[in-house]
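Here, residue 1 is the first one in the sequence, and each next residue gets the next number.
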Amino acid sequence: MAESTARFVRNLAALAKIEADYSTDAVPTGLLNAMQFNDVTVDPMAGGEVSRDLLLPYMGHQGVILTGTHGTLRGSVELAGAGAAGDVPAFGALLRMCGMAETITADTDVQYNPISTGFEAGTIYYNLDGVRHILLGCRGTLTLSLVPSQIPRVTYDFKGLSGTISDSPLPTIDLDAFIDPVPVNKANTTMSLHGWSAIAESLSLDLAATVEPRFLIGEESIKITDRRTTATSVVQAASLATKDWFAIAKAHTKGVLAVQHGTVAGNIVEIDAAGVQIGRVTQGATQGIANYSLPLMLTPVSGNDEFVLTFR
């Protein structure tokens, strides 16, 4: 008896490319548009269903009608530089698909900031050991995490219109543009919050974009309709004379968050936010040492500038 053909979840490839025209397949290739994801999960048939509820002279399930079918993809990418100052990071397309504008300054840096109009979209190919899923018009949101002794990561949540699902060989991919990350630690990472050189246990940032599938007569699309960017930082508790987070929170004072990760040109990532308000402070402890969990609200200063992500 012949052995059955199994498909292995470790054999996968994901490609992403910005679309010139919305929901028109951008045809990403493995040599130019491969993404180096971790922890990928895909739902190729997200959506709703409608029960018919017919009145019949007998009982029994009548089945459903599937509606608003679309695909989702969630996965994380290591946060690292681009290789040289002014180069676009290998995952730049993913940031743009999350409602971030890309600004390139030759030989200097590449910056990304959130926008409120003119959102770009992309095509994602996801091939799981020989079965290729195509998602069109993809848009999403992201969270960014820095934890000491860990690799910093950006986790993306995308929604896209359902394209074809077909048997297709795994593509040949080129991941050379992805730079090896450096761990979060004292040597590689600095953080300042409201003018205090932070001793921090973690920082997580949530773009918190609202991503809505829209299935209408005459148009089907994925829309970014809002965002309310927040962050959370767990910091070592200092004396009130050193930093009084309670007074800052009560006064609704806004201040600056500045993070630099990496020290070598070409592998430096910066996070800057100028209008950070502190929420309700909670106290905890790690390893018997007191800490504060600080909810952060990243507010616009002049618009579309809640934070800037810089690669240099």
Side-chain angles (χ1 to χ4, degrees), residues 14-30 32-37 40 70-106 108-126 134-144 152-161 163 175 177-179 205-213 221-227 229 269-273 298 300 303-312:
L15 321 176
K17 184 179 180 181
I18 297 296
E19 295 169 350
D21 297 303
Y22 184 75
S23 76
T24 298
D25 193 341
V27 194
T29 69
L32 297 176
N33 310 112
M35 293 294 147
Q36 188 170 270
F37 276 113
V40 174
H70 61 282
T72 69
L73 182 147
R74 175 183 172 88
S76 61
V77 174
E78 296 169 338
L79 182 63
D87 284 356
V88 173
F91 47 85
L94 302 181
L95 294 170
R96 292 164 63 184
M97 290 159 59
C98 290
M100 305 280 285
E102 180 181 83
T103 302
I104 302 171
T105 302
T108 303
D109 60 34
V110 179
Q111 294 188 334
Y112 296 86
N113 64 277
I115 54 177
S116 298
T117 59
F119 300 109
E120 295 183 282
T123 297
I124 294 177
Y125 286 8
Y126 176 82
I134 296 180
L135 302 180
L136 304 172
C138 296
R139 293 184 172 122
T141 188
L142 61 84
T143 57
L144 185 154
R153 299 184 188 277
V154 181
T155 299
Y156 298 90
D157 279 286
F158 290 111
K159 297 178 182 178
L161 303 176
L175 298 173
F178 285 84
I179 305 302
L205 184 151
D206 186 355
L207 177 62
T210 302
V211 184
E212 298 282 1
S221 62
I222 307 295
K223 302 287 191 188
I224 295 176
T225 61
D226 197 8
R227 72 170 179 276
T229 305
V269 183
E270 297 173 342
I271 306 166
D272 295 286
L298 278 58
N304 299 315
D305 56 358
E306 298 98 303
F307 73 99
V308 177
L309 194 58
T310 302
F311 298 83
R312 63 179 180 83

Suppose we screen for side-chain contact (heavy atoms from CB on, under 4.5 Å). Which residues come up paired with [X], at least two apart in sequence or across chains?
{"X": "Thr117", "answer": "none"}
{"X": "Thr108", "answer": "Thr105"}
{"X": "Phe119", "answer": "Ile115, Arg139, Ile224"}
{"X": "Lys17", "answer": "Ala26, Pro28, Asn33"}

Residues which pass salt bridge (Lys or Arg N to Asp or Glu O under 4.0 Å) with [X], listed by chain and number, not counting sequence neighbours:
{"X": "Glu102", "result": "Arg96"}
{"X": "Asp157", "result": "Arg74"}
{"X": "Glu19", "result": "none"}

Within the structure provided, determine whether [X] and [Y] are in side-chain contact (heavy-atom separation under 4.5 Å).
{"X": "Ile222", "Y": "Phe158", "answer": "no"}
{"X": "Phe91", "Y": "Leu79", "answer": "yes"}
{"X": "Met97", "Y": "Ile124", "answer": "yes"}
{"X": "Gln36", "Y": "Val77", "answer": "no"}

Exercise. Closest heavy-atom contact between Thr29 and Leu15?
Worked result: C-CD1, 3.8 Å
Seminar exercise, completed: The ring pair (Phe, Tyr, Trp, His ring centres under 6.0 Å) partners of Phe37 (sequence neighbours excluded) come to none
Problem set entry | Phe178: ring pair (Phe, Tyr, Trp, His ring centres under 6.0 Å) partners, not counting sequence neighbours | none
Seminar exercise, completed: Sequence neighbours excluded, the answer for side chain to side chain donor-acceptor pair (under 3.5 Å) partners of Tyr126 is none
Under 3.5 Å, which donor-acceptor pairs do the side chains of residues 303-310 form with other protein atoms, sequence neighbours left out?
| unit_1 | atom_1 | unit_2 | atom_2 | d |
| --- | --- | --- | --- | --- |
| Asn304 | OD1 | Ser116 | N | 3.3 |
| Asn304 | OD1 | Ser116 | OG | 2.6 |
| Asn304 | OD1 | Arg227 | NH2 | 3.0 |
| Asp305 | OD1 | Val301 | N | 2.8 |
| Asp305 | OD1 | Ser302 | N | 3.4 |
| Asp305 | OD1 | Gly303 | N | 3.2 |
| Asp305 | OD2 | Ser302 | N | 3.0 |
| Asp305 | OD2 | Ser302 | OG | 2.9 |
| Glu306 | OE1 | Arg227 | NH2 | 3.2 |
| Glu306 | OE2 | Arg227 | NE | 2.6 |
| Glu306 | OE2 | Arg227 | NH2 | 3.2 |
| Thr310 | OG1 | Gln111 | NE2 | 3.3 |

